[in-house]
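In what follows, a structure is listed as structure tokens, so that the remarks can point back to it.
For clarity, every value in this text was computed on a predicted model and none was experimentally measured.
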Amino acid sequence: MKTAGYMPPAVVRRQTVPTTSAPQIGTTATPTATSITAISECHEHGTEVFCMFGTTEYQVVVPATATSSLPASYTDCHNHGSELFCVGPDGGDVEVITDTTEETQDDSSASGTETTDEEEGQDCHFHAGVEHCVGTEEESAEVDCSRQDRDYNIPLRVGLLFVILVTSFIGVAGPILLAPVLPVRFSVVFLVLKQFGTGVIISTAFVHLYTHATLMFTNECLQGVEYESTTSAILMAGLFLSFLVDYLGHRLAKRYTKTSGPGNNELISVLVLEAGIIFHSLLIGLTLVVAGDSFFVTLFIVILFHQMFEGIALGARIASIGHPPHNVTKTSHAHTQVSPNDDKSADSTEVAPQLSEANSSDEEVKRVSVVHKVLMASAFALITPIGMAIGIGVLQKFNGNDPATLIALGTLDALSAGILVWVGVVEMWARDWMFGGELVDSGAVVTTCAGVGLIAGMALMSFLGKWA
């Protein structure tokens with residue numbers, strides 16, 4: 001029988017967890033009211049009484065006057081409808097609170113709020129169709145490598161494909177079309193533009209491509225790649241491949257044209273540069289399209305600037321083919337001047353072969369007309385939209401977590417990074433500043449402007465690396 005003169009308190013249930021079985025908390029079955037036959041180890045928490053059944057703690061409703069002498073146990077537990085009662089030593093019934101619905105709902109609500117807060121605190125973006133979130137500690141859970149269904153706005157992607165095409169062409173063709181008509185007094189502007197492009201290429205190699213390749217090879221869905229330096233090894237292979245092509249190209253040019261002047265060297269280095277850019281631009285188009293709509297617009301804006309900056313970098317180098325830097329020309333003339341005490345015939349004997357070789361080299365590279373340069377630029381402008389078109393075609397089948405996809409994307413990213421490291425550091429940065437480039441003997445103002453352009457290219461492209 002029920003004890004008169006009291007109101008049952010709020011529904012409460014506590015569960016103690018043995019330290020030896022902590023990992024099994026989520027799978028331990030909670031006892032039901034019908035399975036409880038007796039409760040023991042009764043004790044107080046403040047003014048409330050609790051007893052144990054196994055490892056579960058239940059609240060027991062007892063008269064306020066009875067709390068001073070708690071029995072060790074209650075037996076003969078039985079049900080009256082949905083309520084559970086047990087018999088005390090005095091033969092009276094006491095109610096045992098077993099309803100956990102309210103608490104469970106409260107816990108679920110609290111858990112859901114916490115999860116939402118965690119998601120809001122994360123910085124999530126896409127790499128090759130794989131959503132990558134950083135900013136909070138990841139919970140240990142089973143990795144799901146299956147294809148994720150997302151909302152894809154196909155008409156929007158098709159329309160923005162042409163926006164990427166136009167923007168890329170403007171970026172890469174602008175320097176080519178301006179170079180022939182740019183007055184000599186504005187050559188410093190073109191020089192700064194070239195150094196800005198150098199910074200863009202170097203940042204693209206390290207911040208974008210190398211980082212993306214590392215994310216691919218360390219993806220949890222890719223099992224069996226136990227070599228920690230996989231990305232670095234493939235980058236080194238791309239570096240060596242670029243050197244080999246560059247070296248053999250110079251040797252062949254010297255053999256068949258009887259000269260390996262700066263014009264031929266520049267043409268070969270630009271072709272290697274464009275090859276590296278085309279590799280990863282194809283991947284950029286693919287990864288842009290397969291990103292979910294929740295991040296697509298943001299990523300598109302970033303890629304738009306990325307293509308513009310990279311187009312300027314490539315276009316400035318293509319435009320410089322066949323146009324020797326003004327500073328180098330002036331410096332060479334200055335160095336060939338003779339003092340009044342020198343023999344003029346000796347000077348003419350030394351200078352004539354140099355001028356003849358330079359003119360021969362220039363004649364070779366002059367064959368690269370503006371039309372041919374625009375065609376080279378068009379290859380860059382078209383390749384990213386082609387990647388986007390491929391992405392649209394496989395949109396409903398693409399799985400960025402597939403091991404084969406991760407290996408393919410990671411390998412191409414790392415190879416492209418190696419190519420751009422060689423071209424950016426050796427062919428562009430070192431050659432312009434130390435090995436016969438226009439900045440070897442330039443004045444303080446020109447050198448400072450070029451340095452600012454170089455740093456600006458690195459900084460802006462590294463900033464875009466936060467999203468792409």
Apply side-chain hydrogen bond (donor to acceptor under 3.5 Å, both in side chains) to residues Ser442 and Thr447 and explain how you reach the verdict.
CA-CA 6 Å; Ser442 59; Thr447 302; 2.7 Å; yes
Would you check, one step at a time, whether the test side chain to side chain contact (heavy atoms under 4.5 Å, CB included) holds for Phe279 with Leu283?
CA-CA 7 Å; Phe279 265 131; Leu283 300 183; over 6 Å; no
Take Val166 and Phe169 through the side chain to side chain contact (heavy atoms under 4.5 Å, CB included) test and state the conclusion after the steps.
CA-CA 5 Å; Val166 173; Phe169 185 78; 5.9 Å; no
If you apply the rule side chain to side chain contact (heavy atoms under 4.5 Å, CB included), what do you find for Ile390 with Leu282, and how did you get there?
CA-CA 9 Å; Ile390 294 173; Leu282 185 68; 4.3 Å; yes
Between Glu310 and His208, does a side-chain hydrogen bond (donor to acceptor under 3.5 Å, both in side chains) hold up when you go through it step by step?
CA-CA 12 Å; Glu310 204 165 57; His208 293 253; over 6 Å; no
Worked verdict on Leu286 versus Met388 for side chain to side chain contact (heavy atoms under 4.5 Å, CB included)
CA-CA 5 Å; Leu286 175 64; Met388 294 179 67; over 6 Å; no
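Between atom CZ of residue Phe309 and atom OG of residue Ser203 there is a gap of 11.0 Å, rounded to the nearest 0.5 Å. Met376 contributes atom CE, which lies 4.5 Å from atom CG of Leu271 (distance to the nearest 0.5 angstrom). Rounding to the nearest 0.5 Å gives a distance of 4.0 Å between OG of Ser168 and CD of Gln307. Of the inter-residue distances, the one linking Leu464 atom CG with Leu304 atom CG reads 10.5 Å to the nearest 0.5 angstrom. Rounded to the nearest 0.5 angstrom, Ile386 CD1 and Leu161 CG are separated by 9.5 Å. Atoms CD1 and CG, from Ile392 and Leu288 in turn, are 9.0 Å apart once rounded to the nearest 0.5 Å.
Between Leu209 and Leu420, the closest side-chain pair of non-hydrogen atoms falls below 4.5 Å. Looking at Val374 and Leu177, their side chains come closer than 4.5 Å, going by heavy atoms from C-beta outward. No side-chain heavy atom of Val172 sits less than 4.5 Å from a side-chain heavy atom of Ile312. Residues Asp413 and Tyr210 are not in side-chain contact: their nearest non-hydrogen atoms beyond the backbone lie 4.5 Å or more apart. Side chains of Val158 and Ile154 form a contact here, defined as non-hydrogen atoms less than 4.5 Å apart. Between Leu454 and Phe196, every side-chain heavy-atom pair lies at or beyond the 4.5 Å cut-off. Contact check for Val440 versus Phe435: no side-chain heavy atoms found under the 4.5 Å cut-off. A 4.5 Å side-chain heavy-atom check between Val452 and Val192 finds every atom pair outside the cut-off.
With Ile383 as the partner, the side chain to side chain contact (heavy atoms under 4.5 Å, CB included) test is satisfied by one option alone out of Ile277, Ile278, Ile284: Ile278.
Using cut-offs of 30° and 60° for the angle between ring planes, the Tyr247 and Phe243 rings count as parallel.
Other residues, nucleotides and ligands contribute at most 12 non-hydrogen atoms within 6.0 Å of the CH2 atom of Trp429. Summarising the local packing, CZ of Phe217 is surrounded by more than 12 heavy atoms from other residues, nucleotides or ligands at distances under 6.0 Å. Atom CZ of Phe305 sits in a sparse spot, with 12 or fewer heavy atoms from other residues, nucleotides or ligands closer than 6.0 Å.
Across all their heavy atoms, Glu274 and Ala379 have their closest contact at OE2-CB, 3.6 Å. Contact detail for Ile318 and Ala377: the closest heavy-atom pair is CD1-N, 4.2 Å. Pairing each heavy atom of Gly418 with each of Ser242, the nearest pair is O-OG, 4.2 Å. In terms of heavy-atom proximity, Leu395 sits nearest to Val290 at CD1-CA, 3.8 Å. The two residues Val207 and Ser462 come nearest to each other via the heavy atoms CG2-OG, 3.5 Å. Taking all atoms of both residues into account, the shortest heavy-atom contact from Val423 to Ser269 is CG1-O, 4.2 Å.
Under a 3.5 Å cut-off, the side chain of Thr411 and the backbone N or O of Ile407 do form a donor-acceptor pair. Listed for the Arg157 side chain is a donor-acceptor partner under 3.5 Å among the backbone atoms of Asn153. Under a 3.5 Å cut-off, the side chain of Thr384 and the backbone N or O of Phe380 do not form any donor-acceptor pair. Side-chain N or O atoms of Lys373 include none that pairs as donor or acceptor with a backbone N or O of Ser320 at under 3.5 Å.
Side-chain contact, Thr198 with Arg317: a donor N or O sits under 3.5 Å from an acceptor N or O.
Remark: Lys397 does not engage Asp402 in a salt bridge, criterion side-chain N to carboxylate O under 4.0 Å.
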